[in-house]
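Quantities reported herein were computed from a predicted structural model and do not represent experimental measurements.
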Amino acid sequence: MKSLYSAAILALPMLSSAFSPSSILQQTSSTSNTALAATPSRLPFSSQTSSTSLGALTTTQLPEKLYFPQEKEIPKVLGGLQIGLRKLCVVTGASSGLGLNAAATLAKTGRHFVVMACRDVEKGKRVAKEIGMPEGSYTVMKLELANLQSVRDFVANLKAFKSARPLTNLICNAAVYKPTDPEPAWTDDGFEMTMGVNHLGHFLLVNLLLKDMAKAKNPRVCIVGSITGNTNTVGGGLVYPRADLGNLEGLDKGAKKPIAMADGKPFFGAKAYKDSKVCNMMTVSQLHDRYHEKTGIVFSSMYPGCIAETDLFREKRPWFRKAFPWFMKYVTGGYVGMQEAGERLAQVIDDPLCNKSNVYWSWNGGAQQVGRWSPDGKPRGAGGSGGEIFENEQSDAVRDPVMAKKVWEASVKAVGLTEKEML
């Protein structure tokens, strides 16, 4: 155990330096607009993995706008006939990684009809077939979280599709991670891309769907969290930079260009991701406090484990891409495969044991320490593969009710939610 801990501590500078400003400036100017895949656990059924990945775009290659009103999909209709007696579930970022594997796992139970909310509809259709999602168990709809009008258009199309049937489950999984970008990219509405997609786009989506979900039986909302936003974990507390919203100077001022960070400070890609995850987890606690008692909706977050071989790290140097999975498997014990990750996320939605609100679900130790030695040679207890689901503890910063309330109020203003739209 002592040798494992020592090895992990010695390797932390390597991980921190990979996300430091000097490392960012030294790396190639080619940067990624990669969708983040989080990492979840096991259900009594399995799904195949897919090698399909999102294409990388440099900041200079990003189009001036990602979505135009005329691109709005023609609403699908008569969805009730397709859904039948199954629960209706929306999964964002369902065309790759964690979201795809969770969507496939839920669809294969036969208990859920899945709406795959994707920025690339054709890709969504293709990968759904590749991973073996049963025909008639899903549909794919356009959702560009980097454009608030697209979020509103998606909600309108979803309501047209499902008709009077309420939405039962919502998984907010899609995310972008741009740790090596020296300069920020911007959403169509002028928000820094990481915060705009990971937090603000989902914040609007959840709020626009709450009235409908309140009509469903046993509804659940899960917003995928991360250890990187929790400073009481190895990845969040010991790996630079740490999440820190400051006094919310940036978000309070509207968080629009040129404001690139929630704390109002200069852009730092790795920290922007961690800050967005803090906002995600704070949103869960605020949703619970405001709406759980009167609606019965179960609000939760989860940490799926470290998917070390995700496209998340595609822009890293070759040595990092080779070393990181090995390090997470055999030193920290935090490694989990994509299929198991998807099963974990699906479990939070499908398992009767997860019918408790305001919980941060984790598996196998939850990454608050490095793994302990086990006879098979793989460290256990650090959030990696295997283990049982449990209620994890978030950091004091994430559980700060005063800051969570400020994040909520600033986010309402930022996305333009009206009293009529809110529950």
Side-chain angles (χ1 to χ4, degrees), residues 66-67 69 71-77 79 83 87-94 99 114-119 139-175 187-189 191 195-216 219-224 251 254-255 276 279-280 282-292 294-301 349 357 407-423:
L66 297 171
Y67 180 82
E71 293 178 350
K72 179 180 177 180
E73 282 187 299
I74 298 174
K76 298 179 175 68
V77 295
I83 299 165
K87 297 178 180 178
L88 180 60
C89 178
V90 168
V91 182
T92 71
V114 179
V115 175
M116 300 172 66
C118 307
R119 64 185 311 182
T139 190
V140 185
M141 292 189 183
K142 174 78 174 181
L143 173 61
E144 174 55 76
L145 287 162
N147 183 292
L148 299 181
Q149 185 58 52
S150 176
V151 175
R152 295 179 184 278
D153 289 345
F154 169 81
V155 171
N157 286 345
L158 176 65
K159 290 179 178 179
F161 172 74
K162 68 182 187 59
S163 189
R165 174 180 290 263
L167 175 66
T168 305
N169 300 309
L170 171 62
I171 295 177
C172 296
N173 156 76
T187 71
D188 289 352
D189 302 282
F191 303 117
M195 185 64 74
V197 170
N198 301 4
H199 170 56
L200 293 172
H202 280 130
F203 184 87
L204 177 61
L205 179 66
V206 174
N207 275 281
L208 292 178
L209 291 172
L210 287 179
K211 287 182 180 179
D212 186 72
M213 294 190 71
K215 302 172 186 176
R220 299 184 189 183
V221 173
C222 180
I223 303 178
V224 176
L251 193 55
S276 74
C279 291
N280 283 159
M282 285 182 167
T283 297
V284 169
S285 65
Q286 282 289 294
L287 285 166
H288 170 81
D289 291 346
R290 293 168 184 268
Y291 302 124
H292 172 66
K294 70 178 182 179
T295 67
I297 300 174
V298 170
F299 300 100
S300 65
S301 186
I349 291 297
S357 193
V407 168
W408 177 276
E409 292 172 347
S411 300
V412 168
K413 293 179 181 177
V415 301
L417 273 165
T418 65
E419 289 187 17
K420 184 178 179 181
E421 291 175 319
M422 299 180 71
L423 185 62

* For the residue pair Lys162 and Asp212, what are the closest heavy atoms and their distance? -> NZ-OD1, 2.7 Å
* Between OG1 on residue Thr295 and CZ on residue Arg290, distance to nearest 0.5 Å -> 13.5 Å
* To do: Report the residue from Thr187, Asp153, Asp188 that forms a side chain to side chain donor-acceptor pair (under 3.5 Å) with Asn147.
  => Asp188
* **Non-hydrogen side-chain atoms of Pro219 and Leu167 separated by less than 4.5 Å** => no
* Asked: Do the non-hydrogen side-chain atoms of Val221 and Val284 ever get within less than 4.5 Å of each other?
  -> no
* Asked: Are any non-hydrogen side-chain atoms of Leu204 and Arg152 less than 4.5 angstrom apart?
  -> yes
* To do: Can you see which heavy atom on Asn157 is nearest to which on Lys72, and at what distance?
  => OD1-CE, 3.6 Å
* Asked: Side chains of Val151 and Tyr67: closer than 4.5 Å at any heavy-atom pair?
  -> no
* Would a 4.5 Å heavy-atom cut-off, applied to side chains only, mark Thr283 and Phe299 as touching? -> no
* To do: Specify the closest pair of heavy atoms between Leu200 and Ala414, including all atoms of both residues, with the distance to one decimal.
  => CD2-CB, 4.2 Å
* Might you point out which heavy atoms bring Met116 and Ala94 nearest each other, and give the distance in Å? => CE-O, 3.1 Å
* Do the side chain of Ser301 and the main chain of Ile223 share a donor and acceptor less than 3.5 angstrom apart? -> yes
* Asked: Rounded to the nearest 0.5 Å, how far apart are CD of Glu144 and OG of Ser150?
  -> 6.0 Å
* Dump the intermediate steps for side chain to side chain contact (heavy atoms under 4.5 Å, CB included) on Phe203 and Val407, then the final yes or no. => CA-CA 11 Å; Phe203 184 87; Val407 168; over 6 Å; no
* Asked: Can you find a pair of side-chain heavy atoms, one from Asn207 and one from Val415, that are under 4.5 Å apart?
  -> no
* Stepwise, does the side chain to side chain contact (heavy atoms under 4.5 Å, CB included) test hold for Ser300 with Arg220? -> CA-CA 8 Å; Ser300 65; Arg220 299 184 189 183; over 6 Å; no
* Structure fact -> All heavy atoms of Asp189 vs all of Ala146, minimum pair found to be OD2-O, 3.9 Å
* To do: Working to the nearest 0.5 Å, report the span between CD1 of Ile83 and SG of Cys89.
  => 11.5 Å
* Quick one: pull up OG1 in Thr92 and NE2 in His202 and give me the separation to the nearest 0.5 Å. => 3.0 Å
* Using a 4.5 Å cut-off on heavy atoms from C-beta on, say whether the side chain of Cys222 contacts that of Ile349. => yes
* Search all heavy atoms of Val90 against all heavy atoms of Ala117 and return the closest pair with its distance. => CG1-CB, 4.2 Å
* Structure fact -> Here the gap from Lys211 atom NZ to Lys159 atom NZ, rounded to the nearest 0.5 Å, amounts to 8.0 Å
* Asked: Just by distance, do the side chain of Asn198 and the backbone of Ser276 share a donor-acceptor pair under 3.5 Å?
  -> no
* Count the heavy atoms of every other residue, nucleotide or ligand shown that sit under 6.0 Å from NZ of Lys413, and state whether that count exceeds 12. => no
* Take Ile297 and Tyr291 through the test side chain to side chain contact (heavy atoms under 4.5 Å, CB included) and record every step on the way to the result. => CA-CA 7 Å; Ile297 300 174; Tyr291 302 124; 5.8 Å; no
* Looking at SG of Cys118 and NZ of Lys142, how far apart are the two atoms once the value is rounded to the nearest 0.5 Å? -> 9.5 Å
* **Leu88/Val115 under side chain to side chain contact (heavy atoms under 4.5 Å, CB included): CA gap, chis, key distance, verdict** => CA-CA 7 Å; Leu88 180 60; Val115 175; 3.8 Å; yes
* Close side-chain approach of Leu210 to Leu287, heavy-atom, < 4.5 Å -> yes
